[in-house]
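The structure appears below as structure tokens.
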2 protein chains.
Amino acid sequence: MVENGISPSYQRLKIYSCLMGTKSHPTAYTIFEKLKEEIPSLSKTTVYNVLKLLVDKGLVKAVRIEDHELRFDAEVREHGHFKCSVCGEVSDVFLNQELMQLIEQRNKVTEIQFNITGVCEKCLQISKEK
Amino acid sequence: MVENGISPSYQRLKIYSCLMGTKSHPTAYTIFEKLKEEIPSLSKTTVYNVLKLLVDKGLVKAVRIEDHELRFDAEVREHGHFKCSVCGEVSDVFLNQELMQLIEQRNKVTEIQFNITGVCEKCLQISKEK
DNA sequence: GTATCTGCAAAACATTTGCAATTCT
DNA sequence: AGAATTGCAAATGTTTTGCAGATAC
């Protein structure tokens with residue numbers, strides 16, 4: 001944490017540990033609820049602030065698995081998510097083998113949504129010209 | 001529209017046409033703003049209601065490209081999105097060639113998020129046992 | 001004339017912001 | 001003391017809900 005330029009306050013350590021200790025991709029609110037028991041003074045604002053800080057510093061990934069709310073993941077390696085429509089469990093899927101396998105085993109997959117961010121051809125050309 | 005079990009009211013036709021005529025993945029609010037000029041009586045609630053209906057009936061896809069708001073797409077074939085971080089333009093990416101090309105040309109890609117929905121191994125087993 | 005569709009206002013919900021109080025060094 | 005951190009309350013922005021009025025068949 002220190003090596004990433006974050007002073008390790010009590011709240012920050014707790015929130016980060018909370019994320020490290022789970023694979024359930026919790027929301028800010030879930031983290032708040034969980035830590036509230038241990039830190040009764042904790043505020044939702046702090047959870048939001050700290051999560052934003054952790055994301056900015058690259059210690060945590062913000063992921064939008066579905067629905068209206070943002071989830072957080074201490075797994076920062078590039079990966080995606082597989083959600084079982086029956087049990088609701090969310091597991092990590094890594095590029096490329098796993099993704100390709102899943103796409104090929106279409107009988108088990110009902111939906112794929114993916115979003116890629118980068119620089120498009122046009123903008124790449126413009127930047128080269130400069 | 002009729003063949004999908006939707007009675008084609010004026011508002012419904014307008015909202016659907018609006019989506020058919022663009023590749024810009026508009027939000028409910030954008031559609032509302034655009035149609036408001038033509039249909040001054042139009043309400044945001046109707047736009048939300050109709051979009052939900054169109055999604056339920058499979059005429060439209062709801063996509064979450066980023067941020068806090070839902071976008072809509074009349075392209076219902078399975079595909080993902082590529083957003084240029086420079087110009088902000090969003091284009092469609094189809095499986096598999098395009099996706100694979102993009103993933104391989106890593107110099108241009110800064111982030112990949114993907115979400116897959118389906119039935120996990122465990123649940124698949126359970127359903128077979130029955 | 002009854003069922004469906006529309007639209008307003010209010011509610012709900014996640015997230016952000018302004019600012020004051022607290023904590024750390 | 002001074003800077004950083006926390007936390008409350010209020011604001012924001014998107015989407016949903018309840019219900020009354022309008023429309024269509």
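Keep in mind it's a predicted model, so treat the numbers as computed, not measured. Labels below follow one simple rule: chain letters A, B, ... track the order of the sequence lines, proteins then strands, and each chain is numbered from 1.
With the nearest nucleotide of DNA chain C identified for both B:P40 and A:K44, B:P40 has the one nearer the 5' end.
Computed from coordinates, the A:R64 CZ to C:dA14 C1' distance equals 10 Å when rounded to whole Å. One atom, CZ of B:R71, and another, C1' of D:dT15, lie 16 Å apart when rounded to the nearest Å. Between the C1' atom of D:dA24 and the CD1 atom of B:I6 lies a distance of 17 Å, rounded to the nearest Å. What separates CZ of B:F32 from C1' of C:dT6 is a distance of 13 Å, to the nearest Å. Here the P atom of nucleotide D:dT6 and the CD1 atom of A:I39 are 10 Å apart, to the nearest Å. The OH-C1' distance, from B:Y16 to C:dC5, rounds to 20 Å in whole Å. In this structure, A:H68 places its NE2 atom 11 Å from P of D:dT15, rounding to the nearest Å. Look at CG on B:L54: it is 12 Å from P on C:dC5, rounded to the nearest Å.
Not one N or O on the side chain of B:R12 forms a donor-acceptor pair closer than 3.5 Å with the backbone of B:V50. Put simply, the side chain of A:T110 gets close to the backbone of B:T117: a donor and an acceptor are under 3.5 Å apart.
Taking only side-chain atoms of A:R12, from C-beta outward, the nucleotide of D:dG7, C:dT6, D:dT5 with the closest atom is D:dT5. Comparing atom distances between the A:K52 side chain and each of D:dT16, C:dT15, C:dT16 picks out C:dT16 as nearest.
Scanning atom types as modelled, one donor and one acceptor separated by under 3.5 angstrom connect the side chain of B:T45 and the base of C:dC8.
Close to C:dG7, at under 4.0 Å from its OP1 or OP2, lies a side-chain N or O of B:Q11. A close approach under 4.0 Å does not occur between any side-chain nitrogen or oxygen of A:Y29 and OP1 or OP2 of C:dA14. For D:dT15, the OP1/OP2 oxygens have a side-chain nitrogen or oxygen of B:Y48 closer than 4.0 Å. At least one side-chain nitrogen or oxygen of A:T46 sits closer than 4.0 Å to the OP1 or OP2 atom of D:dG7. Contact between the side-chain N/O atoms of A:S9 and the OP1/OP2 oxygens of C:dC24 is not found at any separation under 4.0 Å. Between A:T27 and C:dA14 there is no side-chain polar atom (N or O) within less than 4.0 angstrom of OP1 or OP2.
Within the 4.5 Å cutoff, the side chain of B:D92 has heavy atoms near those of the B:H25 side chain.
A:Y16 is connected to A:Y29 through a chain of hydrophobic side-chain contacts under 4.5 Å among Ile, Leu, Val, Met, Phe, Trp and Tyr, so both are in one cluster.
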Exercise. In sequence, state the C-alpha distance, the side-chain angles, and the governing distance for A:L13 and A:M1, and then conclude on side chain to side chain contact (heavy atoms under 4.5 Å, CB included).
Key: CA-CA 8 Å; A:L13 284 169; A:M1 225 167 181; 3.7 Å; yes
